[in-house]
Amino acid sequence: MTMDSGAIVNVGFTERLAQVRASIEKRLDELLSESPNERDLVALAMRESTLAPGKRLRPILLILIAEGLGHEGTCALDLGCAVELIHAASLVLDDMPCMDNASLRRGRPTVHLKFGEDVAILTAVALLSRAFGVIASIRELSPAIRIQLVELAANAVGVQGLVRGQLQDLRDGQHPRSPEQIALTNNLKTGVLFGAIVDMAWLISNSEERVRSILQRFAIELGQAFQLYDDLCDSCPDSGKDQGKDLGKSTFVSTYGVEKVREQLFTHISNAERNLRQVFNDADMIAGFMAMVFKKATIPA
Ligand code: GRG
């Protein structure tokens, strides 16, 4: 099975993916179950924003990669959910009027529109702290490993990670940017969190250093591919998000056009797959999942 030939999905694959997805939904629901009453708006908004139908790309990847590296414990699920909480926090902030000013996310009104900007900011802070709390309390792992995992998450989010990417995108995106600048910002906004995911999977499965660097290259290619895909989806009516949010912004799509970006996307997807196959004898599960994620872009126009 190859990602760029479109998903050739077999039954084992579909069932396993459904299982993983269901376990993520259940665990996220448990991790956000402390909503005591309807007046606790932050707890409600945490649940609504996170449990809304997202693709769960990040936790699924973490679980599949850890599994592929031979990890046999159950902590990849909690780690994946923690990353999903971080991702949800970033989306709540990204949608706010001072950033993307979005009204629709995952097919639903954005948090600040439904609950107010005060609740949205507090929700993002609370989701982030929940994420760190979840990682810190994974009893299956030694305290030393937990500290390293917290550090990975903190670095991915912080001033050298998503935060920096977001600021660059907001400020520099208003002006023409070189391809290198756009790629750097895309890596910080998206690739860095994929990098943390593969590092986490690598760390809990006690794999060799060689594997870590190949998986990092995979994460960089995936991040570039995913951000291009996200930019292409800016004009899609069925993305569950506002259309046309990138108008007036310097992106690869606005600079080079859709066809060139689709070509670039294919290149990043096949580079990502090549890296995957250097690590795993059987990479079909992860490659198949990626093919599903990128399906819309890989169907010829
Ligand atoms: C608080 C973690 C945190 C960060 C603060 C706001 C911010 C800095 C960063 C936002 C970065 C951002 C919006 C990156 C875009 C990532 C992206 C491509 C999101 C869409 O991801 P999907 O398609 O969404 O996986 P679903 O809804 O399917 O989960």
Side-chain angles (χ1 to χ4, degrees), residues 21 24-25 28 46 48-62 80-102 104-108 110-112 117 120-132 135 150 152-173 182 184-197 219 222-234 236 238-242 245-246 249 251-253 265 268 289-290 292-297:
R21 218 182 271 282
I24 292 166
E25 297 303 333
L28 284 172
M46 287 169 77
E48 288 201 16
S49 55
T50 308
L51 302 180
K55 291 185 281 299
R56 309 301 182 217
L57 170 64
R58 293 154 188 82
I60 292 175
L61 262 185
L62 202 157
C81 288
V83 173
E84 185 68 13
L85 294 173
I86 291 172
H87 171 59
S90 79
L91 298 182
V92 171
L93 289 182
D94 184 51
D95 288 337
M96 291 197 60
C98 58
M99 300 204 187
D100 260 16
N101 195 18
L104 201 64
R105 171 70 70 180
R106 295 176 168 173
R108 300 183 180 174
T110 46
V111 173
H112 66 274
E117 290 183 37
I121 293 171
L122 295 171
T123 298
V125 173
L127 284 170
L128 263 189
S129 24
R130 187 75 183 108
F132 285 107
I135 299 174
V150 166
L152 279 173
N155 289 338
V157 173
V159 72
Q160 301 299 336
L162 266 83
V163 165
R164 182 162 168 218
Q166 181 74 348
L167 186 64
Q168 283 184 0
D169 204 41
L170 290 169
R171 298 293 171 101
D172 304 346
I182 302 178
L184 176 65
T185 300
N186 287 353
N187 185 49
L188 291 167
K189 274 183 70 182
T190 303
V192 161
L193 197 54
F194 289 133
I197 286 168
L222 180 63
Q224 291 296 332
F226 198 66
Q227 195 57 57
L228 293 182
Y229 180 70
D230 198 62
D231 291 349
L232 285 171
C233 289
D234 186 55
C236 299
D238 58 349
S239 68
K241 300 194 275 187
D242 300 341
K245 277 288 152 198
D246 288 348
K249 184 168 149 186
T251 62
F252 277 123
V253 175
L265 175 59
H268 288 301
F289 172 59
M290 286 174 58
M292 275 179 69
V293 169
F294 290 114
K295 197 165 82 198
K296 241 193 295 175

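Both ligands and their constituent atoms are indexed starting at 1 by order of listing.
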Asks: Between D230 and ligand 1, does any nitrogen or oxygen pair lie at a separation below 3.5 Å?
Replies: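 Between D230 and ligand 1 (N or O atoms, distance only) the closest approach is not under 3.5 Å.
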Asks: Under a 4.0 Å heavy-atom limit, does K55 contact ligand 1 with its side chain, its backbone, both, or neither?
Replies: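 The answer is both.
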Asks: Just by distance, do the side chain of D234 and the backbone of D246 share a donor-acceptor pair under 3.5 Å?
Replies: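 Yes: the side chain of D234 pairs with the backbone of D246.
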Asks: May I ask you to decide whether K189 forms a salt bridge with D169, counting only side-chain N to carboxylate O separations under 4.0 Å?
Replies: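 Counted as a salt bridge, because a side-chain N and a carboxylate O are separated by less than 4.0 Å.
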Asks: Looking only at protein heavy atoms, which one is nearest to atom 16 (C) of ligand 1, and how far off is it?
Replies: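 Ranked first by proximity to atom 16 (C) of ligand 1 is T190 OG1, 3.8 Å.
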Asks: State, yes or no, whether a side-chain contact exists between R108 and S49 at a heavy-atom distance under 4.5 Å.
Replies: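 Of all side-chain heavy-atom pairs linking S49 with R108, none is under 4.5 Å.
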Asks: Indicate yes or no: does an N/O atom of D94 lie under 3.5 Å from an N/O atom of ligand 1?
Replies: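 No, D94 has no N/O under 3.5 Å of an N/O on ligand 1.
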Asks: Could you tell me which atoms of ligand 1, counted from 1 in the order shown, lie closer than 4.0 angstrom to a heavy atom of I86?
Replies: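 Result: 2 (C).
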Asks: Answer whether the closest heavy-atom distance between the side chains of T110 and D100 falls below 4.5 Å.
Replies: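 No, their side chains stay 4.5 Å or more apart.
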Asks: I need the atoms of ligand 1 closer than 4.0 Å to a non-hydrogen atom of Q227, numbered in the order shown.
Replies: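 Taking each heavy atom of Q227 in turn, ligand 1 has 18 (C) under 4.0 Å.
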Asks: Backbone N or O of K55 within a donor-acceptor pair of the R21 side chain at under 3.5 Å?
Replies: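 Side chain of R21 to backbone of K55: a pair is present.
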Asks: So, is K189 polar-close to ligand 1, with some N/O to N/O distance under 3.5 Å?
Replies: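 No - when backbone and side-chain N and O of K189 are compared with those of ligand 1, no distance drops under 3.5 Å.
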Asks: As a check for students: among V163, D231, V192, identify the option with a heavy atom nearest to atom 5 (C) of ligand 1.
Replies: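 Nearest option to atom 5 (C) of ligand 1, by heavy atoms: V163.
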Asks: Numbering the atoms of ligand 1 from 1, which are under 4.0 Å from a heavy atom of L93?
Replies: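 Atoms satisfying the 4.0 Å criterion: 1 (C), 6 (C).
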Asks: Nearest heavy atom to atom 11 (C) of ligand 1 wins, so pick from M96, Q166, R56.
Replies: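 Answer by nearest heavy atom: Q166.
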Asks: Evaluate side-chain contact (heavy atoms from CB on, under 4.5 Å) for T123 paired with M46, printing each intermediate quantity in order.
Replies: CA-CA 6 Å; T123 298; M46 287 169 77; 3.8 Å; yes
Asks: Got the closest protein heavy atom to atom 27 (O) of ligand 1, with its distance?
Replies: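 For atom 27 (O) of ligand 1, the nearest protein heavy atom comes out as R106 NE, 2.8 Å.
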Asks: Apply side-chain contact (heavy atoms from CB on, under 4.5 Å) to the pair L61 and L222, showing each step before the final yes or no.
Replies: CA-CA 11 Å; L61 262 185; L222 180 63; 3.3 Å; yes
Asks: For atom 3 (C) of ligand 1, which candidate among S90, C233, A131 holds the nearest heavy atom?
Replies: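 Considering heavy atoms of S90, C233, A131, the nearest to atom 3 (C) of ligand 1 sits in S90.
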Asks: I need the atoms of ligand 1 closer than 4.0 Å to a non-hydrogen atom of F226, numbered in the order shown.
Replies: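 Near F226, meaning under 4.0 Å from one of its heavy atoms, ligand 1 has 18 (C), 21 (O), 22 (P), 23 (O), 25 (O).
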Asks: Rounded at 0.5 Å granularity, tell me how far OG in S239 sits from CG in L232.
Replies: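 Atom-to-atom, S239:OG and L232:CG are 12.0 Å apart.
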Asks: Given side-chain contact (heavy atoms from CB on, under 4.5 Å), test L91 with R106 step by step and report yes or no.
Replies: CA-CA 10 Å; L91 298 182; R106 295 176 168 173; 3.9 Å; yes
Asks: Does K241 come within less than 4.0 Å of D95, counting only side-chain N to carboxylate O?
Replies: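 The answer is no: the pair does not qualify as a salt bridge.
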Asks: Who's the nearest protein heavy-atom neighbour of atom 24 (O) of ligand 1, and how far?
Replies: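 Its nearest protein heavy-atom neighbour is H87 NE2, 3.5 Å.
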Asks: Can you check whether R58 has an N/O within less than 3.5 Å of an N/O in ligand 1?
Replies: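 So ligand 1 has an N or O lying under 3.5 Å from an N or O of R58.
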